[in-house]
Amino acid sequence: MESCALTLSSSILNPKPSNHINRNTIHKIPTIYHSCSSQGIVNYKTTSSNHSLLAFASHSIFNNSSSFSPKRFRYDFALVRAAAAAPDASGESTNPAKIGRTLQLAAMFGVWYLLNIYFNIFNKQVLKVFPYPTTVTTFQFGCGTLLILIMWTLKLHPRPKFHKSQIVPVLTLAVAHTMGNLLTNISLGKVAVSFTHTIKAMEPFFTVLFSVLLLSERPSMWVVSSLVPIVGGVALASFTEASFNWIGFASAMASNVTNQSRNVLSKMFMVRKEEALDNINLFSVMTIVAFFLLIPFAYLLEGFKLTPEYLQFAASQGINVRDLMVRFVLTGIFFHSYQQVSYIILGMVSPVTHAVGNCVKRVVVIVSSVIFFRTPVSPINALGTGLALAGVFLYSKAKRIKPKAA
């Protein structure tokens, strides 16, 4: 006579003759389904689906004559019915959390994009009537420094703990951070906002270049292929740009070099996790250092311009000084806020997802600036800009593809 053995808990093998079945306890029962071949070989598999309960119940009823009793039959039938009716608790508990996190990320990305739009518009308006980018950048870093001190004073974020080994790396990153933002403002003062951001779409090209030179990383074929439309698109947009200016073009390209060297250097320096600063504190320290670095350079290159005498002179030239100062303050607040939100998002998502979001942000800024400033755009120029942005998107996707192990 063939027989099949199951190893189950005593509550299953010896059920109490009760007419009430608690559904909460049913999900805790280890469910097992099995198959018995004619040679008596038994295969066991564990599963969490309700079908396994059905399989077990049907086997206990029809394949075990010793347990085929009215009480056992009622128990097995109630067991199957309760398991089929009970909802999946794990799905109910995770779905609200996932929805909440998705909504939070969507709100963060929306704020990031909105702050970028307002910063670029107000910053361009300021630089049009106040053509002193070093002073503007210093003021913006000063606003950021004030906001950071308020954040630490109110304990909205823990203060950083420094180690001696961090001084040189942080200073190096701060210099690159300072130069990147200063060069971007120089470009914004010389050419259209849309053109500056089109040139800055070349960032992935310099990321790959510095990763090869400094980190000895070998990019995949997909990553290299994605750089072709980026370079081609920027070249096409540059040749057909109505506001083209060599200073604006060169400074935007140089900002790509400094910003991406900062990112690559951060990978080289921040290798010890116990000594590494979190994203917010690293950005905060770089902002404070940048502010104090730029003060002497602003004086040597442009002099102190934010003085009552200069503002009075500006008013005599028909400039609305009050409106200018309001925009000055707003650019400082938006400048720091959008970068801090960017670093917060970077701590919540993967770098690749952040890169995709940054690509979308650039599209939003370009389109909004073209609409607001009524920038003339030729079809070929639009094609070049779109090609460059499409290349950035493809680069972000290519970074997801993991190379096959040899």
Side-chain angles (χ1 to χ4, degrees), residues 109-137 139-140 143 180-203 233-256 259 314 317-339 342 358-390 392:
F109 274 100
V111 171
W112 184 24
Y113 295 166
L114 195 62
L115 290 172
N116 262 276
I117 292 172
Y118 279 108
F119 166 72
N120 282 278
I121 290 175
F122 289 148
N123 199 35
K124 181 63 177 180
Q125 290 176 333
V126 169
L127 290 169
K128 273 185 176 180
V129 298
F130 190 82
Y132 302 103
T134 309
T135 302
V136 172
T137 308
F139 182 84
Q140 291 169 353
C143 289
N181 285 280
L182 174 60
L183 290 167
T184 300
N185 276 344
I186 293 174
S187 178
L188 288 171
K190 295 294 183 180
V191 296
V193 175
S194 57
F195 184 51
T196 297
H197 283 276
T198 300
I199 300 171
K200 288 180 71 64
M202 282 279 290
E203 286 179 349
V234 171
L236 188 61
S238 300
F239 289 143
T240 58
E241 174 60 35
S243 66
F244 182 85
N245 178 284
W246 277 109
I247 297 178
F249 174 83
S251 56
M253 197 65 74
S255 72
N256 288 333
N259 285 334
Q317 300 296 316
I319 298 175
N320 189 333
V321 176
R322 181 180 177 182
D323 190 53
L324 175 63
M325 295 311 298
V326 168
R327 280 171 168 74
F328 240 110
V329 174
L330 289 177
T331 57
I333 295 174
F334 292 150
F335 172 77
H336 177 77
S337 299
Y338 92 77
Q339 294 194 68
S342 175
N358 192 54
C359 175
V360 176
K361 178 212 73 176
R362 210 170 293 287
V363 174
V364 171
V365 170
I366 290 175
V367 172
S368 61
S369 65
V370 167
I371 295 173
F372 184 85
F373 293 109
R374 297 180 180 178
T375 307
V377 180
S378 65
I380 298 179
N381 184 267
L383 176 63
T385 301
L387 190 62
L389 295 175
V392 174

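For clarity, every value in this text was computed on a predicted model and none was experimentally measured.
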Report summary line: The complete set of salt bridge (charged side-chain N to carboxylate O under 4.0 Å, His left out) pairs with one or both residues in residues 317-331, sequence neighbours excluded, reads D323-R327

Report task. Answer yes or no: is there a donor N or O on one side and an acceptor on the other, between the side chain of S369 and the main chain of V193, under 3.5 Å? Result -> no

Query raised in the report: Can you tell me if S255 uses its side chain to pair, donor with acceptor, with the backbone of G180 under 3.5 Å?
Result: no

Check residues 372-380 and write down every donor-acceptor pair under 3.5 Å in which the side-chain atom is one partner and the other belongs to a residue at least two apart or another chain.
| from | atom 1 | to | atom 2 | distance (Å) |
| --- | --- | --- | --- | --- |
| S378 | OG | N381 | N | 3.1 |

Report summary line: K200 meets the salt bridge (Lys or Arg N to Asp or Glu O under 4.0 Å) criterion, sequence neighbours left out, with E203

Query raised in the report: Between N185 and Q140, does a side-chain contact (heavy atoms from CB on, under 4.5 Å) hold up when you go through it step by step?
Result: CA-CA 11 Å; N185 276 344; Q140 291 169 353; 3.2 Å; yes

Report summary line: Residues at least two apart in sequence or cross-chain that pass side chain to side chain contact (heavy atoms under 4.5 Å, CB included) with V326, listed by chain then number, are L330

Query raised in the report: With sequence neighbours excluded, what pairs up with C359 under the side chain to side chain contact (heavy atoms under 4.5 Å, CB included) test?
Result: V392, F393

Donor-acceptor pairs under 3.5 angstrom involving side-chain atoms of residues 115-122: please list them, not counting sequence neighbours.
| from | atom 1 | to | atom 2 | distance (Å) |
| --- | --- | --- | --- | --- |
| N116 | ND2 | W112 | O | 3.0 |
| N120 | OD1 | H197 | NE2 | 2.8 |
| N120 | ND2 | N116 | O | 2.7 |

Query raised in the report: How are the rings of F249 and F244 set to each other: parallel, tilted or perpendicular (split at 30° and 60°)?
Result: tilted

Query raised in the report: How far apart are the closest heavy atoms of I319 and V129, and which atoms are they?
Result: CD1-O, 3.8 Å

Report task. Report the C-alpha separation of V365 and Y113 in whole Å, then their side-chain angles, then the decisive distance to 0.1 Å, and conclude whether the side-chain contact (heavy atoms from CB on, under 4.5 Å) test is met. Result -> CA-CA 8 Å; V365 170; Y113 295 166; over 6 Å; no

